[in-house]
Each structure stands twice: as C-alpha cells, then as structure tokens.
Amino acid sequence: MDAAYRRTALCGTLGKTQVGETVTIVGWVHRRRDLGGLIFIEVRDRSGIVQAVFNPQTDAAAYQVADQMRLEYVVAVSGVLVARDPQTYNPHLPTGEVEVRGTDAVIVSRSKPLPFGIDDDLNIDETVRLRYRYLDLRRPTMHESIVLRAKAMKYVRDFLTQHDFVEIETPLLTRSTPEGARDFLVPSRLQPGSFYALPQSPQLLKQILMISGFERYFQIVRCFRDEDLRADRQPEFTQIDIETSFLSQQALMDLMEAMIAGLFESVGGIHCERPFVRLTWDEAMNRYGSDKPDLRFELPLTDVTSIVSQSAFQVFAKVAQQGGRVMGLRVPQGARLTRSEMDDLTAHAATYGAKGLAWIAWQSDGPHSPILKFFTQQEQKDLFGALGAQEGDLLLFVADQRRIAQTALGQVRLKLGQQLGLIDEHLYRFAWITDFPMFEYNDEEKRWEAEHHPFTAPREEDLPYLESAPERVRAKAYDMVLNGYEIGGGSQRIYDPSVQERIFARIGLTPEEAHDKFGFLVEALQYGAPPHGGIAFGFDRLLMLLAGKENIREVIAFPKTASGADPLTGAPAPVDEKQLRELRLQLRRT
RNA sequence: GGAGCCAUGGUGUAGAGGCCCAACACGCCUGCCUGUCACGCAGGAGAACACGGGUUCGAAUCCCGUUGGCUCCGCCA
C-alpha cells in the first residue's frame, strides 16, 4: 500500500502515553533542521505538529530520504515514538516531550518553494494570500477559523433542530424584486430575454413556508447582493435564516438570544451578559447616534436643542427653528486634545454630513470656545448642567437635521472611544434595537421607502398614520447588535393582505406593480396566513466577531476582494461568444 | 459615483533628487556541522523599483494619469 495511507497517528495527538509505540505519521514538512549528521523534521497535519529525527548511523536509508525533504513536501514517517531527554523538551510544542525516531521515510509529494511561509502573524499582501489561498489556508489561524466556522454551523443547526425547527432549502434561481439591494442576475437560456435573480435573502419564500404550515423554519443559506463591499460585507454571504409562526416578538427574541449566547459561550468560550440590553431605535439614536451602538463604553450624546434654540448663536438657533437637533457630547478630560486631533474629529464628523463640529474646552482657568460669547450666563449654565460638564472636559456639538446630527456626533463618539482607549477588547456587549421607523424618505426618488422591507408589520397603534404621517409609523422590527456591528435583524410580518396592500401603496407601488412583483405573496396571504415573524443573522459577521477578526474575509475560505474578484480562480471573467449567443446576449459598449 | 492610504527580488521591509546597474531579514541553491527546535556557520543565485507619461543634467525617490489592493462615504429593503 502507498505509504501515505498507512497513517496510524495524527501528529498533534502524540504524547508520552504513546511512547514505545511504532507509529506512522503523514503530513507536510513544517520545518527542517539539518545538523549535518542529524536531521530534524517537524511534520504538520490537521491536528498539529510533531518532530521526527533521523540518524544516519542507525537508519541510513531513512536519513537519505530526510536529506531530500524540503518545506511543505508531503511525507510519511514511520518509527518508534520516544521520549525526549528532558533537557531537549520543546516547550513551544504541545508534543514537545516526544519525537518520532524515523526508521522509514517516504516523500509522497514534492513542493515548489512557497511564495510565503506557512506561519501565523506573517504580514503578507492580501492579494498574494488570496491568489494562493490553498497555502494561506494551511496557516494554523486560518485553519482554526474555518474549523470554528464548521463548529458554529453545527451548533446553530443542532440548537434549532432541538427546538423543532425544520431545515428547508429554497431556490437560488429566483426572481428579481424591485425593493432592496441590486440583484445578481442569471440569464435564462430556455426563456431568452428573461432573467433569474440570485436571492438577496429567502424572505418571501420563508413567509410562504409559514403559510404552508411548517411553523418553524430555518436555513443556513447563501445570499447575494450586488453592492459595494466593505470590511464586513461580501457580495455573497451566509445567513442563518429563521421564520416562525404563532410566536410573539418577545418569545422569538428570547429564543434567539439564547441561541446566540449559547453559540458564543459553547463555541467561542465567550461569556455573554443576559438578558441582552434592549433599546428602542429612538433611544439608540439619541444616546449613541447609531442604530448599532457599540456599548462597550458609554460616552453618551445629549440633545441640547431646547437649551440653545433661543440663543444668539445663529448656527444652533436656526437649526432648532427648522426642526433640526443640536446634539452635544461631553468628553471627560478631553480639554487636552490637540488642535490636530480636533481637526481630525471635525473631518470625521464632516464625512457623515456634519457642516462643523463646535467645541467648548473647559480649561483650569475656565471654559474656552469661539462660540461661548453667543450664550448668556444662564444658557451656559444650562448647557454645562445638561452635559454634566466639569473642569478638564471637552464639549462637542453638531447641529443639523436630526439624523445627521445624531449620526455625525455618534461617529465622533465612536472614534473617541477608540482613540481614548475606552473600549475593552474582551467585552461582548449584545443589544436588541427595536421599534425602527417603518419608512424612510428617499430624496432622490421622491418617495417613501420601507426602512426594513415592505413585509414588515407596522405597530397597530401607528396604522392610522400610514397615509397621513408615515414618518410616525414604527415597525415591529428588531436588530441584534454586538460591539457596534449589526449581527442580525428581523421583524414580525404582515399577515393581513389589506395591510400589505396599504404598505405597497405607501411606498409607491401601483396595484399592478405590486400584483406583478409580489402577487403570489398577497394571494397566499388570503389562504389562512398565520401570524409570523422571523430574523436572519449574518453568519460570516458573527464568525468574524467570534473569532476576534477585524475582517470578514478571515472567516471565509474563498472570499472576494473589494472589486468583487477572486484572485484564485480569476472570477469574474469574460465568457465565450458561443455562451453569449446561446443566451441571446450581446455586450454593449457603454 | 466620491475620498484617503498603499505598490521595491519569492515574502516582509530599508530607501526622503546624485551615496543605488538598489540594502537587510526570511525563503531558495551549494558546502560544513550528531540534539536542534525561528539550529548555526561560510558562500551563491535572484529586482528593468506596478504600468504609462512628465519635470530634471540626473528619478525607486518629485508631478500627472492608469491598474491593482486596503479602508471609508454613498450604496447595502
């Protein structure tokens, strides 16, 4: 039999208990130390590393083979496992107290010199890593991340199966929908001129499955969105997709909280404080200036609009009169920030649409600020009181439309949290954000859009405002947030077809369009639709946080670059004219 | 669509207008070495400095553009 298949032990599992046994290990040459008269080879397999030693005096043939071995060759080594002399223990290896005395060795497969070493904490250009992803994945941390991913997937599957969820697959070739992200399209050969779309999520089909009576559905499913990438966003990504019937929002949130906390605890060994913090969207925006606040530090925002609305400072007063907000942030001991640090913060706020960042620095000789002179003694007192300002503090302000003021100062808060070292990297602070606004006005298209998606149920008490004041309508929607990342989001769905039609009308879909795009759902809702709701988690992002990585590509075996390319396979790539012809497609120049 | 940062042997870096037909470390090749473990020692090969223009007597270095990468804004129901 081929030596490679005679393996009797995994490298990383060898220890003193097996001393005396004759073993055959198979794996890659991780390191090679040739002392001239003695060769040490570290052999690595999926379990770990163990040292083999070759002595020309006792095992000349094996030594000759070891002499030929080079890094990353695949080799098989047989021999007795011996205890090392205590003086030669290697404390850096779990198997460092033993070694295989190589009496028989075979080179199974040779390797060209590698473009980079198989070592962790190597800082290699990511394009090179992705081009040679098979080598990159040999690195122990990458291996661990991919194995962690498998464990997490199994945990979720087991948890949901134990709670009577049924795993159901939905098609990847489905139809394009008008709302939401840009679709990836797949041309139909059998129906030229028509296209499938890859799913942005199985949203409609999982609702249909509720109408079909499954009551508890889940799927760990690939989703596709043709939008620009980010450190935590890939064009194809994996969701834990969940839908339930007859389960209150509260009950669903409790169950999901148990699942995610269990996942982090059992797979990541990470303790999670429960119950998770719950904030309404309004509270989150007001206090942290974000709908996915990082709660590892406090540094809250304060709405000071009412204090400054009558002030002589026109920038603030005008914003207040026009219905905007003036948001303030107290930075304890921030008065010592330098001019250039302030400039950085101002530029940061500007990225998020703020027109400026006003400041008051409370030095030892009193408050200093170019805007202080515009405020009366009383206004100053109220301002300091509202913010709890003390000597040494820096007060920052953004005045703008509510959302811009909140977001811009919220991002300043985040930057300061990082800059001032307020973030404990070991903390995992989960939160639920609830009561999102149902609609958001799209300035470009001059219409109201669903903030979540158009199948989200509005809160009953807000239904009367659907037509008259859509900005007041809140949705039965909820996001799960962790350390500033949105890790999941869902909602209770509309199960009354007439409400569904009102929502479609509100977002500017004509009855004909609604019927054409979503008719099957509206029709299905007429055949006994149960109250239902669900949630979807971004599995890759969850993994990224679980593995403590800063980038989603680290937990995906074959990810894409910022331009959507895969340097390994060369995708995307042009196709043959023949393929285009079969699809009756023609490329345009612009 | 916009902005910032980056690009030098296989890999990581040094280089700040003449010191550079480019240096160092790791890797690779050759030789020596019997207890190494990031083995050590000696020697060697390997780069038209991403690409295209320009400025200059002279450009890896300065300027413009292109390409690619990363990050962010917009976008992502």
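Only a predicted model underlies this, so the values are computations on that prediction, with no experimental measurement involved. Protein chains get the first letters and strands the later ones, always in sequence-line order, with residue 1 at the start of each.
Distances from the side chain of A/D34 to the nucleotides B/rG35, B/rG10, B/rC33 place B/rC33 closest. In the set B/rG69, B/rU30, B/rG35, B/rG69 carries the atom at the smallest distance from any side-chain atom of A/S563. For A/R553, the side-chain atoms get nearest to B/rC70 when compared with the rest of B/rG12, B/rC70, B/rC75. For A/Y352, the side-chain atoms get nearest to B/rC72 when compared with the rest of B/rC72, B/rU36, B/rU11. Looking at the side chain of A/I124, the nearest of the listed nucleotides B/rG12, B/rU36, B/rC70 is B/rG12. If you check B/rG10, B/rU36, B/rG74 against the side chain of A/R233, the one that comes closest is B/rG74. In the set B/rG35, B/rU13, B/rU11, B/rG35 carries the atom at the smallest distance from any side-chain atom of A/T88. Listed candidates were B/rC72, B/rC76, B/rC70. Nearest to the side chain of A/R230 is B/rC72. Of the listed nucleotides (B/rA38, B/rC28, B/rG12), B/rA38 has the atom at the smallest distance from the side chain of A/H92.
Comparing the same atom, C1', in B/rC63 and in B/rA16 gives a spacing of 16 Å after rounding to whole Å. Rounded to whole Å, the C1' atom of B/rA48 lies 12 Å from the corresponding atom of B/rA60. Rounded to a whole angstrom, the distance from the P atom of B/rA47 to that of B/rG69 is 26 Å. B/rC33 and B/rG17 have their C1' atoms separated by 48 Å, given to the nearest Å. Taking atom C1' on both nucleotides, B/rG15 is separated from B/rC41 by 30 Å, rounded to a whole Å. Nucleotides B/rG43 and B/rC24 are separated by 12 Å at their P atoms, to the nearest Å. Nucleotides B/rC76 and B/rC64 have their C1' atoms positioned 34 Å apart, rounded to a whole Å. Across B/rU13 and B/rG52, the matching C1' atoms stand 27 Å from one another, rounded to whole Å.
Ring stacking is absent between A/F116 and B/rU11, as the pair misses the limits of under 5.5 Å between centres and under 30 degrees between planes.
Considering only side-chain N and O atoms, A/R33 lies under 4.0 angstrom from the phosphate OP1 or OP2 of B/rC39. Proximity of A/R31 to the phosphate of B/rC39: a side-chain N or O atom is located under 4.0 Å from OP1 or OP2. Residue A/T351 places none of its side-chain N or O atoms closer than 4.0 Å to OP1 or OP2 of B/rA3. Of the side-chain N and O atoms in A/R129, none sit less than 4.0 angstrom from OP1 or OP2 of B/rU11. OP1 or OP2 of B/rG69 has at least one side-chain nitrogen or oxygen of A/T561 nearer than 4.0 Å. OP1 or OP2 of B/rC70 has not a single side-chain nitrogen or oxygen of A/N551 nearer than 4.0 Å.
Between A/L71 and A/R32, the residue anchored nearer the 5' end of RNA chain B, judged by the nucleotide with its closest heavy atom, is A/L71.
A/R44 and A/E72 are joined by a salt bridge, as a carboxylate oxygen and a charged side-chain nitrogen come within less than 4.0 angstrom of each other. Using a cut-off of 4.0 Å between Lys/Arg side-chain N and Asp/Glu carboxylate O, A/R230 and A/D232 are scored as not salt-bridged. Between A/D462 and A/R474, at least one side-chain N (NZ, or NE/NH1/NH2) sits under 4.0 Å from a carboxylate O, which counts as a salt bridge.
In this structure, the ring of A/F237 has its center no less than 6.0 angstrom from the ring center of A/F539.
Taking the six-membered ring where the residue is Trp, A/F518 and A/F504 present parallel rings, their angle staying beneath 30° rather than reaching 60°.
Judged by atom type and distance alone, A/E99 reaches the base of B/rG35 through a side-chain donor-acceptor pair under 3.5 Å. For A/D125 and B/rG12, a side-chain-to-base donor-acceptor distance below 3.5 Å is absent, hydrogens and geometry of angles not being considered.
Residue contacts for A/R70: at a heavy-atom cut-off of 4.0 Å it reaches the sugar-phosphate backbone alone, with no base atom in range.
Among pairs with a residue in residues 83-98 of chain A, those fulfilling salt bridge (charged side-chain N to carboxylate O under 4.0 Å, His left out) read A/K16-A/E97, A/R84-A/E99, at least two apart in sequence or across chains.
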Only pairs under 3.5 Å count here: list side-chain donor-acceptor contacts from residues 59-66 of chain A, not counting sequence neighbours, and write none if there are none.
residue, atom, partner, partner atom, Å
A/Y63, OH, A/G36, O, 2.3

